[in-house]
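Throughout, protein chains are lettered first and strands after them, A, B, ... in sequence-line order, and every chain is numbered starting at 1.
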Protein chains: 2
Amino acid sequence: MQNSFTEENYLKIIHALSGREGHEVSTNALAESTSTRAASVTDMLRKLAEKGLIHYKKYQGVRLTESGEKVAINVIRKHRLWEVFLVEKLGFGWDEVHDIAEELEHIPSDHLVERLDAFLGHPRFDPHGDPIPDAKGNLTEPDYFILTEVQIGEKVRMMGVLDHAPSFLQHLDRAGITLGCLIEIKEINEYDKSASVQINENHTLFISLEVSKNLLVQRR
Amino acid sequence: MQNSFTEENYLKIIHALSGREGHEVSTNALAESTSTRAASVTDMLRKLAEKGLIHYKKYQGVRLTESGEKVAINVIRKHRLWEVFLVEKLGFGWDEVHDIAEELEHIPSDHLVERLDAFLGHPRFDPHGDPIPDAKGNLTEPDYFILTEVQIGEKVRMMGVLDHAPSFLQHLDRAGITLGCLIEIKEINEYDKSASVQINENHTLFISLEVSKNLLVQRR
DNA sequence: AAAAAAATTTAGATTAACCTAAAAATATAT
DNA sequence: ATATATTTTTAGGTTAATCTAAATTTTTTT
Ligand SMILES: [Mn+2]
Ligand SMILES: [Mn+2]
Ligand SMILES: [Mn+2]
Ligand SMILES: [Mn+2]
């Protein structure tokens with residue numbers, strides 16, 4: 001039997017919330033993320049456990065089984081490939097694609113995903129810098145730093161975002177901070193930890209701590 | 001409020017069954033097409049009427065309202081555009097795309113459809129020769145002939161199919177009958193109405209009445 | 001180690017989309 | 001014009017995914 005739209009969303013969210021160590025996810029955390037009530041989550045957890053997609057013991061939180069992990073990663077693969085399509089082929093902005101990809105990720109055809117992947121040239125990262133799992137389900141999170149960890153004088157490359165909200169992405173657009181751009185920390189204000197940064201050895205601007213906290217970068 | 005996947009399918013099917021004159025569609029015909037029971041159809045008709053998408057009087061069949069027609073045509077537009085995408089960009093065969101397009105047609109984003117349309121170069125016809133409604137909802141069915149109406153000696157162009165079943169399309173592939181190809185009727189067997197036809201002034205072959213009945217062609 | 005607080009589950013409803021069986025309306029045949 | 005057959009609707013259920021309110025379990029605080 002097939003997994004429903006709703007089931008796939010639960011698995012994807014459990015995957016996201018359980019982190020790289022795959023620790024237990026609580027009922028309340030899921031209620032928050034799915035915008036439902038805890039009681040509804042409990043019902044769904046019983047069903048997912050029944051189908052062998054999660055490990056679930058009452059009151060103890062949940063983890064994905066191997067089979068659940070496989071489903072979750074496939075949904076993530078589809079989400080990110082569709083986002084690449086929307087940005088690279090249809091010309092959407094990176095701030096516009098998430099909601100559409102939330103729908104497209106549930107279209108059920110392996111054949112479609114593999115052809116889409118090939119059409120896009122087997123991209124490794126989505127428009128937000130998130131890694132795309134391969135067809136076998138291997139997903140390797142590159143280990144980037146958060147910009148707040150970078151020292152004055154260091155030059156780093158912008159590789160991703162932690163916040164995917166359109167308003168944050170639009171803010172980056174206005175600041176000229178795009179995926180792959182060079183960032184040099186010129187100065188950090190002691191008072192509010194805001195920073196003066198130079199983008200692409202070019203223009204200089206101030207960014208708040210809030211922004212720094214959500215930028216993933218790579219040392220070179 | 002938005003229309004559900006199921007509601008959209010009903011509207012699309014009512015559109016298809018009511019023909020170009022937009023005549024009444026019966027409950028049983030809808031039950032047949034939706035693979036549900038008549039009682040379920042009645043339930044849905046009450047709901048669609050409630051929403052102002054159909055004209056419905058008990059026992060009298062249904063017709064689309066203007067608003068229902070608009071929704072139906074938009075779904076058809078999306079279906080056909082996605083089919084073009086799947087064939088032209090992803091390299092699927094025309095026999096493989098219908099079921100995937102059945103899912104994609106319900107992705108709800110006007111922005112997406114318009115960008116997809118532009119990306120595909122505003123195609124006028126889908127891979128089966130069916131016309132694609134424009135962004136304003138204008139859908140003009142070209143008036144083609146059925147191959148059975150064509151006389152011996154006539155040369156016509158293949159413009160579409162009435163049967164969209166994968167098995168029929170694959171049969172045409174094997175016979176080398178593709179959209180746009182030239183067909184000349186060489187001979188018609190009185191006994192079973194099978195025909196000997198020449199494709200692209202090239203190879204000759206026999207086709208059954210069953211095949212002729214499902215080929216749409218244009219006189220030149 | 002109680003008591004209090006927080007998290008989670010259970011109980012009992014609701015809504016959309018389906019179902020079967022029975023009743024009612026319409027169409028067809030004698 | 002009746003009787004018969006067909007079509008359609010109504011009545012009463014089911015399942016998935018949600019809800020609120022109440023009960024239970026776990027965690028935290030005193
Ligand atoms: Mn996304
Ligand atoms: Mn993304
Ligand atoms: Mn189709
Ligand atoms: Mn088609």
Enquirer: Can you name the closest pair of heavy atoms from B:K78 and B:E105 and give their distance?
Expert: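 It is CE-O, 3.1 Å.
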Enquirer: Look at all strands and tell whether B:T42 reaches a base, only sugar-phosphate, or nothing, counting heavy atoms closer than 4.0 Å.
Expert: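 Here B:T42 touches the bases of the nucleic acid.
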Enquirer: Check the phosphate of D:dT9 against B:T27, side-chain N and O only, distance under 4.0 Å to OP1 or OP2. Yes or no?
Expert: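 Yes, because at least one side-chain N or O of B:T27 sits under 4.0 Å from OP1 or OP2 of D:dT9.
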Enquirer: Whole-Å distance between D:dT15 P and A:E50 CD?
Expert: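 Roughly 14 Å, once rounded to whole Å.
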Enquirer: With no hydrogens and no angle check, is any side-chain donor or acceptor of A:S33 less than 3.5 Å from a backbone partner on A:I13?
Expert: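 A pair under 3.5 Å: no.
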Enquirer: Reading DNA chain D from 5' onward, which residue's closest nucleotide shows up sooner: A:M44 or A:Q60?
Expert: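 Per heavy-atom nearest nucleotide, the more 5' residue is A:M44.
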Enquirer: Considering just the side-chain nitrogens and oxygens of A:R37, establish if one lies under 4.0 Å of OP1 or OP2 belonging to D:dT20.
Expert: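 Indeed, a polar side-chain atom of A:R37 lies that close.
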Enquirer: For B:N28 and D:dT6, is the shortest distance between a side-chain N/O and OP1 or OP2 below 4.0 Å?
Expert: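 Answer no for this pair, as no side-chain N or O of B:N28 is under 4.0 Å from OP1 or OP2.
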Enquirer: Using OP1 and OP2 only, check whether a side-chain N or O of A:K58 sits under 4.0 Å from D:dT26.
Expert: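 For A:K58, the contact criterion (side-chain N or O under 4.0 Å from OP1 or OP2 of D:dT26) is not met.
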Enquirer: For A:L45 and C:dT10, give me the distance from atom CG to atom P, rounded to whole Å.
Expert: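 It is 11 Å, rounded to the nearest whole Å.
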Enquirer: Please report the distance, rounded to the nearest Å, between NZ in A:K57 and C1' in D:dT26.
Expert: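 Result: 15 Å.
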Enquirer: Ignoring hydrogens and angles, tell me if any N or O in the side chain of B:N3 forms a donor-acceptor pair with the backbone of B:E7 under 3.5 Å.
Expert: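 It does not hold such a pair.
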Enquirer: B:Y10 has an atom OH; how far is it from atom C1' of C:dA16, in whole Å?
Expert: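 Distance check: B:Y10 OH to C:dA16 C1' gives 12 Å.
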Enquirer: Is A:Y56 touching bases, backbone alone, or none of the nucleic acid, heavy atoms closer than 4.0 Å?
Expert: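 The residue A:Y56 makes sugar-phosphate contact but no base contact.
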Enquirer: Tell me what B:S40 touches on the nucleic acid: a base, only sugar-phosphate, or nothing, going by heavy atoms under 4.0 Å.
Expert: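 Base: the residue B:S40, judged by heavy atoms under 4.0 Å, touches a nucleobase.
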Enquirer: Distance-only, no hydrogens or angles: does the A:R80 side chain make a donor-acceptor pair with backbone N or O of A:P131 under 3.5 Å?
Expert: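 At least one qualifying donor-acceptor pair exists.
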Enquirer: Take atom CZ of B:R46 and atom P of D:dT9, then tell me their distance rounded to the nearest Å.
Expert: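 Rounding to the nearest Å, CZ of B:R46 and P of D:dT9 are 10 Å apart.
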